[in-house]
Amino acid sequence: MPELPEVETLRTGLSEYIIGLKIKSVNIYNQKSFINQEAINDHFYGSEITAIKRRAKVLKIELSSGYTILAHLKMTGQLVYVGSKVFGAGHPSDSLMGKLPDRSTRVQIEFSNGSKLFFNDQRKFGWLRLLPTVEVDEIEFMKKVGPEPLDDKFTFKVFKARIQRRLGSNIKSVLLDQTVLAGIGNIYADEALWGSKIHPETRVKDISDARIKLLLKDIKYILNLSIEKGGSSNRNYVQADGKKGSFTEFARVFRREKFPCPRCGEVIIKLRVAGRGTHICPACQKLN
DNA sequence: CACTTGACCTGTCCGC
DNA sequence: TGCGGACAGGTCAAGT
């Protein structure tokens with residue numbers, strides 16, 4: 001899915017558009033895409049959106065009813081707001097008027113002012129889940145998920161201790177492990193490893209402190225840069241108003257196999273690590 | 001434990 | 001053009 005920068009971009013966009021709106025109705029086209037539907041009648045209809053937060057790759061849309069909609073987009077989920085009736089002609093979501101819902105729409109939420117929020121998800125892996133706000137941080141995922149990498153408290157010392165919980169594992173799987181740290185996925189794992197010149201199959205115990213320091217620095221750099229660019233839009237991801245992010249243009253190795261490494265000119269290759277397509281510069285990122 | 005594979009789904013792309 | 005297989009930004013469960 002959407003990794004941390006994409007979900008964060010979505011959080012910002014949605015906050016601008018839907019905070020304060022009142023939920024009028026909901027259409028659920030795919031039952032599995034909306035968990036805990038039994039709470040809809042009493043805690044969904046008529047409530048207002050009060051805040052939108054993010055933890056790891058999960059969005060928390062808080063309602064005045066004391067309930068929260070959690071949203072996980074997984075690989076292909078989108079939350080798209082169509083609000084031309086509110087913003088008038090020329091709003092970015094204009095181009096989507098009349099195009100949604102489409103065959104990938106799993107849930108449609110209509111607000112009392114006539115605007116709509118669409119949850120589209122080609123592969124149906126993502127979900128919305130309605131539960132009491134006080135229970136959000138008690139669910140299994142929230143309890144076990146690792147720290148936020150962009151938090152000021154996420155220092156070298158913390159990062160090192162977190163990754164060294166898995167000393168014998170290759171660094172790429174560890175970066176993808178959400179219980180070690182939150183929010184990194186396949187794109188930013190590859191980008192950060194290239195930035196710090198670490199081969200993705202390097203075992204954690206073989207990485208020096210100096211290198212761990214560089215890796216942390218690059219993780220923060222790359223996540224912040226991507227948020228600034230509105231996230232990556234390789235395939236399915238779009239922002240809250242349907243626009244694409246531009247980070248992909250700044251990717252240095254991800255899906256750039258056969259292109260030259262921007263640092264040394266060597267040809268970028270693609271491998272399979274941790275069961276995922278993995279892109280490296282074989283000259284910059286050597287194993288040992 | 002660490003690691004792999006399969007499952008969940010749909011769509012696209014590539015080679016024959 | 002059609003068909004089969006591989007692959008796609010994520011996470012879980014089960015198997016080795």
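Proteins come first, then strands; the chains are lettered A, B, ... in the order of their sequence lines, and each starts at number 1.
Residue A:Gly126 is out of contact with every strand shown, counting any heavy-atom pair closer than 4.0 Å. A:Ser173 comes within 4.0 angstrom of nothing in the nucleic acid, heavy atoms only. Residue contacts for A:Tyr188: at a heavy-atom cut-off of 4.0 Å it reaches no nucleic acid atom on any strand shown. Heavy atoms of A:Gly168 sit under 4.0 angstrom from primed sugar atoms or phosphate atoms, though from no base atom.
Under the Watson-Crick or G-U wobble criterion, with both distances below 3.5 Å, C:dG9 has no partner in any strand shown. Across all strands shown, B:dC9 forms no Watson-Crick or G-U wobble pair with both distances under 3.5 Å.
OP1 or OP2 of B:dC3 lies within a sub-4.0 Å distance of a side-chain N or O belonging to A:Ser169. In this structure, A:Arg272 reaches the C:dA8 phosphate: one of its side-chain N or O atoms is under 4.0 Å from OP1 or OP2. The side chain of A:Lys57 contributes an N or O atom lying less than 4.0 Å from OP1 or OP2 of C:dG10. Look at A:Lys32 and you won't find any side-chain N or O under 4.0 angstrom from OP1 or OP2 of B:dT10. Note on A:His72: a side-chain N or O is less than 4.0 Å away from OP1 or OP2 of C:dT11. Note on A:Lys270: a side-chain N or O is less than 4.0 Å away from OP1 or OP2 of C:dA8. Between A:Arg276 and the phosphate of C:dG10, there is a side-chain N or O to OP1/OP2 separation shorter than 4.0 Å. Put simply, A:Arg255 has a side-chain N or O that comes within less than 4.0 Å of OP1 or OP2 on C:dG9.
C:dC12 atom P lies 11 Å from atom CZ of A:Arg129, rounded to whole Å. Rounding to whole angstrom units, CH2 of residue A:Trp127 and C1' of C:dT11 are separated by 10 Å. Summarising the geometry, the separation between NZ on A:Lys124 and C1' on C:dA8 is reported as 17 Å, rounded to the nearest angstrom. Whole-Å rounding puts the A:Asn170 CG to B:dA2 C1' distance at 10 Å. Regarding A:Asp121, its CG atom lies at a distance of 11 Å from the P atom of B:dC9, rounded to whole Å. Going from atom CG of A:Asn236 over to atom P of B:dC13 covers 12 Å, rounded to whole Å. Rounded to whole Å, the distance from CD on A:Gln78 to C1' on B:dG11 is 13 Å. Computed from coordinates, the A:Glu257 CD to C:dA8 C1' distance equals 12 Å when rounded to whole Å.
Position along DNA chain C of the nearest nucleotide to A:Gln178 versus A:Gln122 favours A:Gln122 as the more 5'-ward residue.
Ion pair A:Arg166/A:Asp177 flagged as a salt bridge, since at least one NZ, NE, NH1 or NH2 atom sits closer than 4.0 Å to an Asp/Glu carboxylate oxygen.
A:Phe125 does not qualify as a stacking partner of the C:dT11 base, lacking a centre-to-centre distance under 5.5 Å together with planes within 30°. For A:Tyr237 and C:dG9, the ring-to-base geometry does not satisfy the stacking test (centroid distance below 5.5 Å, interplanar angle below 30°).
B:dC8 and C:dC3 have their C1' atoms separated by 24 Å, with the value rounded to a whole Å. Between C:dA6 and B:dT5, the distance separating the two C1' atoms is 16 Å to the nearest Å. Between the P atoms of B:dT4 and C:dC7, the separation comes to 15 Å (whole Å). The same atom, P, is picked in C:dT11 and in B:dG11; the two are 22 Å apart, to the nearest Å.
At least one side-chain heavy atom of A:Asn30 sits under 4.5 Å from a side-chain heavy atom of A:Lys124. Contact of the A:Tyr81 side chain with the A:Phe111 side chain is registered, since non-hydrogen atoms from C-beta on lie closer than 4.5 Å.
Taking the six-membered ring for Trp and the full ring otherwise, the centers of A:Phe44 and A:Tyr67 sit at least 6.0 Å from each other.
More than 12 heavy atoms of other shown residues, nucleotides or ligands fall within 6.0 angstrom of atom CZ in A:Arg54. More than 12 heavy atoms of other shown residues, nucleotides or ligands fall within 6.0 angstrom of atom NZ in A:Lys220.
A:Lys213 forms a cation-pi arrangement with A:Phe156, by the criterion of a distance under 6.0 Å to the ring centre and an angle within 45° of the ring axis.
Relative to the side chain of A:Arg166, the nucleotides B:dT10, C:dG9, B:dC3 differ in distance, and B:dC3 lies closest.
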